[in-house]
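Everything on this sheet refers to the single structure shown next.
By convention in this document, chain letters (A, B, ...) are assigned in the order of the sequence lines, proteins followed by strands, and residues within each chain are numbered from 1. This structure is a prediction, so every number in the text was calculated from the model and none was measured.
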Amino acid sequence: MSAVRVVLVLGYVFLYAPIVSLIVFSFNASRLVTVWAGFSTRWYGELWDNDAIRGAAAISIEVAASAATAALVLGTAAGFALARYRRFRGRLLFLAMVTAPLVMPEVITGLSLLLLFVALESWIGWPQGRGIATIILAHATFGTAFVAIIVQSRLAAFDRALEEAALDLGARPWKVFLVITLPLIAPALITGWLLAFTLSLDDLVIASFNAGPASTTLPMVIFSSVRLGVSPQINALATIFVVAVSILVVTASSLTLRRPQR
Amino acid sequence: MNAPDPMGRRVAIGLPYLWLVVFVLVPFLIVLTISFAESALGIPPYIAPLGFAKGWIPQLRGTLGSYGLILGDSLYLKAYLNSLRFAAVAMLLCLLLGYPMAYAIARAPERWRNPLLMLVILPFWTSFLIRVYAWIGILKTNGLINNLLLWTGIVHEPLPLLNNEFSVELGLVYSYLPFMILPLYATLERMDLSLLEAAADLGATPFRAFLAVTLPLSLPGIAAGAALVFIPAVGEFVIPDLLGGPDTLMIGKVLWDEFFTNRDWPVASAVAVAMLVLLVAPIVLAQHALRKGAESS
């Protein structure tokens, strides 16, 4: 037992050492990312003045929020369908399509959606070129898959007694869904939305395939800057990212990890 | 539902169904079609393989040229084999590191399990791109590890740690380790521990009990974790691009370059179809595991 605990600790060191090094060197006064030259918040100031990064961040947040919201609606419906309707025509195809974006390599998802948008444009004249809208549609699709799985597993562990009581008391199915089911699965919905949001915010590959000239997202800016070499501004950006995501995830998990009361 | 609600049922199934057909199934069929197209100058840069002469006579103009190119040029075969090898090694290393980690979490006192699991999931939520970038600063010639080794006098010349097979493999293991730990943890945590007591009562040593009981019972978790690491690792683009070098060509990067640099959409599509054919078995396995997980948790 003690040996596996040692491996566990080493595993955590492996997972967190790079993140810690990013954060430490974001406060480094020197441009050389790996030589310590004293404490400084200079790179945060430069990051704030970097218009390309600020503009891309605004686009990324707009895309992520829209895609996550669309994914929340579609994914909740899909998760509900999978958990509650055990048999319907085409369920197997439905299952395959829901889980496909989760397991498909990103380059394939990105390429296939781009080819769809190009084909749609020549068939029905929409969308005209690529841009923010096409990235949102692409991200909403893989976000839907994640939300569906989370909602489905929440509904599988769900006590139906309250719903049945409400139905027995004469509530309409829609009302039962809105008043009983939705509030009870709310933590799963929050987790699902946040997951769809962060995955969209983080995606480079699918966005690159489906972006247009005026829709450069934050990961695309980071990627092109990183390709040119290590830059302390990216460390500062990473630190902000890590801190924000940690706060979000810890808050959300303290909501969802509470087991449903039985 | 006790009371039938045909309207709600129709919306819950119909709405996502329609969306997924348009944005998952149809795009896949289009990739398949365009992989048979002839590449051409223009927008879009291909001649559609299904066409209509005079506006109404259906015409097939498909070509196997893109597949011929993939099969004929050893670059593609080499990239495929590289990808399979990198992904297989990453899968094994993730298993070797992830199994003891998942085991330690699953056997930890109950109140510790969720926080420990949270620590595994948290990096998965923080930007993948940024975590891969972090390794550049650690591994490069004047990076953290080399500075440390030179300073302590262990080496006198900086070690080549970046832009080679080592750094790509490291990046893959680092990025996909949580995908291995989570399904392993799920099966190990559900295991009936009285089976181990029975084995001990019958005189088995802990190690033998592990081999005879725990390991076979965790096989579904191993299979799920292996598939979840292997599939994205085969198609990986960011890691070979940022951490790799000229000798670490992977198929995801080939697809990217065909599309963005060569603007050859039919070849990019054919590369995608060929990748999918290779991955069909692991993809079906992973989908099955995800479904099982969602239905039983």
With a 4.5 angstrom heavy-atom cut-off, is it the side chain or the backbone of [X] that approaches chain A, or both, or neither?
X	answer
B/T33	neither
B/V271	neither
B/L242	side chain
B/L255	side chain
B/L20	both
B/F260	side chain
B/F259	side chain
B/I13	both
B/V273	neither

Look at [options] and state which one has the largest set of heavy-atom pairs under 4.5 Å with chain B.
options	answer
A/V245, A/L74, A/L199	A/L74
A/L114, A/L155, A/V73	A/L114
A/L111, A/D203, A/L102	A/L111
A/T99, A/L93, A/I150	A/T99
A/F14, A/F142, A/W174, A/F117	A/F14
A/I222, A/L95, A/L204, A/I149	A/L95

What part of [X] is in contact with chain B, defined as an atom under 4.5 angstrom from a non-hydrogen atom: side chain, backbone, both or neither?
X	value
A/T76	neither
A/L22	side chain
A/V9	neither
A/L137	both
A/T198	side chain
A/F209	both
A/F241	side chain
A/P101	side chain
A/V7	both
A/L194	both
A/A83	neither
A/Q152	both
A/L195	both

Closest non-hydrogen atom pair, [X] against [Y]:
X	Y	result
A/V103	B/L228	CG1-CD2, 4.3 Å
A/V4	B/P100	CB-O, 3.8 Å
B/M275	A/P105	SD-CG, 4.0 Å
B/G252	A/V107	O-CG1, 3.8 Å
B/A12	A/A81	O-CB, 3.6 Å
B/L129	A/P219	CD2-O, 3.3 Å

Do [X] and [Y] have side-chain heavy atoms sitting under 4.5 Å apart?
X	Y	answer
B/I138	A/P18	yes
A/I108	B/L276	yes
A/T109	B/F28	no

Rounded distance [0.5 Å steps], [atom1] in [X] versus [atom2] in [Y]:
X	Y	atom1	atom2	value
A/F88	B/R10	CZ	CZ	14.0 Å
A/D202	B/I130	CG	CD1	7.5 Å
A/M104	B/Q287	CE	CD	7.0 Å
A/Y16	B/L122	OH	CG	4.0 Å
B/F23	A/M97	CZ	CE	12.5 Å
B/L97	A/L8	CG	CG	9.5 Å

Could you tell me whether A/F223 and B/F237 have their ring centroids closer than 6.0 angstrom?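 Centroid separation for A/F223 and B/F237: below 6.0 Å.
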
With a sphere of 6.0 Å drawn around CG of A/L92, does it hold more than 12 non-hydrogen atoms of other residues, nucleotides or ligands?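 Open.
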
Give a yes or no on this: more than 12 heavy atoms of other residues, nucleotides or ligands lie within 6.0 Å of atom CZ of A/R227. yes

Exam field: side chain [X] to backbone [Y], donor-acceptor pair closer than 3.5 Å:
X	Y	value
B/Y133	A/S231	yes
A/Y12	B/L116	yes
B/Y174	A/L15	yes

Leading residue by heavy atom contact count with chain A [cutoff under 4.5 Å; candidates [options]]:
options	result
B/V21, B/L279, B/V11	B/V21
B/L119, B/V132, B/V173	B/L119
B/G235, B/P16, B/A286	B/P16

B/R9 NZ/CZ over A/Y85 ring centroid, <6.0 Å and within 45° of normal: yes

Verify whether one side chain among A/T144 and B/W19 offers a donor that lies under 3.5 Å from an acceptor in the other.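 There is no such pair between these side chains.
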
